Amino acid sequence: MNKILDNEYYDLIISNSLVPGFDTGNNLTVLNDRYSLMHIWKSNMDACDLGRYPYDNFPSLFTLTSKVSIEKSGIANVRRHPDLSLMGLGVAIGIIDTGIDYQHPAFKYHDGTTRILSIWDQTDQTGKPPKDFSFGSEYTKKHINTALKSKNPLSMVPTVDSNGHGTAIASVIAGSPDEKNSFTGVAPQTELIIVKLKEAKQNLKELFFAPDNSLCYQESDIMLGIRYLLSVSEEKELPLVICIAMGSNQGGHDGLGVISSYLEHIVQMPKTDVLIAAGNEGDSRRHYFHHSAATPFRNGFNLKIGRNDKKFTMEIWPFPPGKVSIEIFPPNQEFIQSISPPAGVCQKFSLAMGQTTIWINNILLEGSTGDQVILLRFDNPTPGIWYFQVTSIENEPFSFHSWLPSGNLISNETYFYQANPNTTITAPGNARNPLTVAAYNQFDGRILGESGRGFSRFGEINPNIAAPGYQIPCALPGNQYGSLTGTGAAAAHAAGASAMVMEWGYCKGNHTTVTGVQINHMIMRGAQRDSAYSYPNESCGYGQIDVYKLFQRISVI
């Protein structure tokens, strides 16, 4: 079996500078020009493999983020203006998600042919992989059009979206108008490049204590998807707008991770933009923050653990240069004494007569940041209120953040008391130059409670913008229509707006060297801002997206 699919192999992200020392001919998969995956066989996997191999080498786990919004965001005015008539013509939209229902009329032209340039289905091993990739099946526009003419399309192009999230995201950005269902995508003349992600390897889910039935994806597969989108857009010589409607609570929320740095590079390229959902962790009570400015330099906080959360992780990130230790007090009067940061050690503790097990990695130098991180992994924890005490080892002022997993990797029954709704944007939304999108209710103008809030751990301005994200009309598999709520819907809406700007700049010759960074700054400058608030702010960045105002500001209208 291909090692990237084989659950007996770990996938570790390494720098390409290390490749000559590890390459045996078939144990590496190139991610991009900076990173590769090294496939490591392990006969008996266990939790302390995270410790034998560095934390930052393991891909993070990502979860999914998500009628009447068009007028509110100014997009309909741009479409109607005779000097603009922007609908994304000549622009490719790249989506990395749960796939697409390619038979849905939302993705067809009037003559019944497809608007999809290609699909890479990472879960389907029956067809031919894309050029320079080793797994999955690629279906081109020619394949899809041939299938659409047949009596049984799935016998020829057997890719489906059983979840519906990817279909919904694609339709919000680019769906063809359907008057009967009062539906249209934001940029309905774009073409689509689709990556259907395979689910995360079981060994990675076990290593990060994800619930067995949870739907999640691994960072490395998303990076391969990005590489694929870039290769197709380059081959077709089309400008590209990428929408990422998923996120992860792993890492330091600082934009320094592997996928964030990849996206930072992409948006500085001509005719390429990236838009990212801010995540739906704002009111989930999965973030805690404390600053200790006076003696004693310690802080105690409580975590309520629900009965249904049998396995999960928690991360604690102190600010440099402080070093901290941790003590743990479960509800049953047992405790784990102070754990300081020994290098590369994974410590296992059994509590409640062996019923509860906790693994602790107190890592002094995390690879991507150089900061300390404490990773706690819980197996069958006693339900109830747990108490944690964090103490400065140097007996000096310190601050720290703590995060629980995102999305469906933990239930709402587990949460921090005195939780902090800020610094809740999921990765890679903390990257600096891609456009990170919060969600607001277009009916009343309020930010959605679940919308991730900024700023990053080191104060970078995220989110950058807010877009409509409440009950957005969308297409669903099986020729159905419904609605989509959350920051994924908002990012899709904003991606359609970016496609309009890309069409104006590159396709219509007004700014043929336009980069994603420039498009994102134009969108931020043209945002609606309320004089009652200061900007940028943690909830909506520079305001609510308004494409019509954007074009007014650059003197086009």
Side-chain angles (χ1 to χ4, degrees), residues 46-48 50 55 60-61 63 204-216 247-251 253 279-290 298-318 324-339 346-363 373-391 400-421 423-424 426 449-450:
D46 64 69
C48 278
L50 201 166
Y55 165 83
S60 296
L61 294 178
T63 56
L204 188 65
K205 292 177 67 173
E206 291 174 357
L207 199 67
F208 285 120
F209 286 34
D212 292 336
N213 61 349
S214 60
L215 179 66
C216 56
S248 174
N249 249 359
Q250 290 180 241
H253 292 64
N280 301 327
E281 301 298 316
D283 60 1
S284 66
R285 296 185 290 180
R286 296 173 182 171
H287 169 241
Y288 177 82
F289 172 76
H290 178 77
R298 68 173 65 99
N299 174 248
F301 61 96
N302 292 310
L303 175 71
K304 169 69 164 53
I305 297 182
R307 294 186 177 277
N308 293 321
D309 289 309
K310 303 299 184 183
K311 289 187 176 184
F312 67 92
T313 63
M314 183 173 83
E315 297 185 8
I316 296 173
W317 287 80
V324 302
S325 62
I326 188 169
E327 294 176 284
I328 304 173
F329 301 83
N332 58 8
Q333 307 305 313
E334 295 181 270
F335 74 99
I336 296 175
Q337 296 183 12
S338 178
I339 305 298
C346 168
Q347 296 173 278
K348 178 180 177 181
F349 299 89
S350 295
L351 303 171
M353 301 181 65
Q355 296 301 307
T356 296
T357 308
I358 304 175
W359 284 262
I360 302 177
N361 296 75
N362 195 337
I363 303 163
V373 58
I374 302 175
L375 173 67
L376 300 99
R377 291 173 288 170
F378 298 83
D379 184 9
N380 197 33
T382 303
I385 301 173
W386 289 58
Y387 180 77
F388 301 82
Q389 184 165 279
V390 177
T391 303
F400 70 91
H401 292 272
S402 183
W403 290 278
L404 297 169
S406 65
N408 64 345
L409 299 182
I410 196 170
S411 79
N412 291 330
E413 296 177 354
T414 298
Y415 55 86
F416 291 112
Y417 287 89
Q418 297 180 314
N420 187 318
T423 328
T424 51
T426 52
E450 64 263 37

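Everything numeric in this text was worked out from a predicted model, so none of it was measured.
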(message) Is there a side-chain contact between I336 and E327 in this structure, where contact means two heavy atoms from C-beta onward sitting under 4.5 Å apart?
(response) no

(request) List the atom of L50, the atom of N361, and the distance in Å for their closest heavy-atom pair. (result) O-ND2, 2.7 Å

(message) Do L409 and L61 make a side-chain contact, defined as non-hydrogen atoms from C-beta onward lying under 4.5 Å apart?
(response) yes

(message) Can you classify the ring geometry of H290 versus F400 as parallel (below 30°), tilted (30 to 60°) or perpendicular (above 60°)?
(response) tilted

(message) If I take atom CG from residue L375 and atom OG1 from residue T313, how far apart are they, to the nearest 0.5 angstrom?
(response) 6.0 Å

(message) Test side chain to side chain contact (heavy atoms under 4.5 Å, CB included) on L303 and M314; report intermediate values, then the result.
(response) CA-CA 10 Å; L303 175 71; M314 183 173 83; 4.1 Å; yes

(message) Please give me the minimum heavy-atom distance between T424 and G282, naming the atom from each residue.
(response) OG1-CA, 3.6 Å

(request) Drop me the distance from N332's CG to Q355's CD, to the nearest 0.5 angstrom. (result) 11.0 Å

(request) Please name all residues satisfying ring pair (Phe, Tyr, Trp, His ring centres under 6.0 Å) with F208, sequence neighbours left out, ordered by chain then number. (result) none

(message) A side-chain contact here means heavy atoms from C-beta on lying under 4.5 Å apart; do S406 and T426 qualify?
(response) yes

(request) Please determine, by modelled atom types, if T63 and N408 share a side-chain donor-acceptor pair under 3.5 angstrom. (result) no

(request) Taking atom types as modelled, find out whether Y288 and N302 have a side-chain donor-acceptor pair closer than 3.5 angstrom. (result) no

(request) Could you grab the distance from atom NZ of K304 to atom CH2 of W386, nearest 0.5 Å is fine? (result) 13.0 Å

(request) Provide the closest heavy-atom pair for R377 versus C346 in the form atom of the first, atom of the second, distance. (result) NH2-SG, 3.7 Å

(request) Determine the minimum heavy-atom distance between P330 and I328, stating which atoms define it. (result) CD-O, 3.7 Å

(message) Quick check: do Q389 and I326 have side-chain heavy atoms less than 4.5 Å from each other?
(response) no

(request) Give me the one residue out of F329, Y417, F416 that meets ring-ring contact (aromatic ring centres under 6.0 Å, His included) with Y387. (result) F329

(message) Looking at every non-hydrogen atom in both residues, tell me the closest pair between S402 and I316 and how far apart they are.
(response) OG-CG1, 3.6 Å

(request) Might you point out which heavy atoms bring I410 and R286 nearest each other, and give the distance in Å? (result) O-NH2, 3.1 Å

(message) Are S214 and K205 packed together at the side-chain level, in the sense that at least one heavy-atom pair is separated by less than 4.5 angstrom?
(response) yes

(request) Could you tell me which residues satisfy ring pair (Phe, Tyr, Trp, His ring centres under 6.0 Å) with Y55, sequence neighbours excluded, listed by chain and number? (result) none

(request) Would you please indicate yes or no on a ring centroid separation below 6.0 angstrom for F378 and F312? (result) yes

(request) Rounded to the nearest 0.5 Å, what's the gap from CG on L404 to OG on S411? Could you check? (result) 10.0 Å

(message) Run T414 and D309 through side chain to side chain donor-acceptor pair (under 3.5 Å) and show every step you take.
(response) CA-CA 7 Å; T414 298; D309 289 309; 2.5 Å; yes

(message) Can a side-chain donor-acceptor contact be found between T391 and S325 if the only test is distance below 3.5 angstrom?
(response) no

(message) Tell me if the centroids of the rings in H287 and W403 come within less than 6.0 Å of each other.
(response) yes

(request) Show the numbers, then the answer: is there a side chain to side chain contact (heavy atoms under 4.5 Å, CB included) between Y415 and S284? (result) CA-CA 7 Å; Y415 55 86; S284 66; over 6 Å; no

(request) Quick one: pull up CG in D379 and CD in E206 and give me the separation to the nearest 0.5 Å. (result) 11.0 Å

(request) Answer yes or no: is there a side-chain heavy-atom contact under 4.5 Å between I339 and F349? (result) yes

(request) Kindly compute the distance separating OG1 (T423) from CD (E281), expressed to the nearest 0.5 Å. (result) 13.0 Å

(request) Would you mind reporting whether I358 and L351 have side-chain heavy atoms less than 4.5 Å apart? (result) yes

(request) With sequence neighbours left out, write down each residue that passes salt bridge (charged side-chain N to carboxylate O under 4.0 Å, His left out) with D46, or none if nothing qualifies. (result) R52

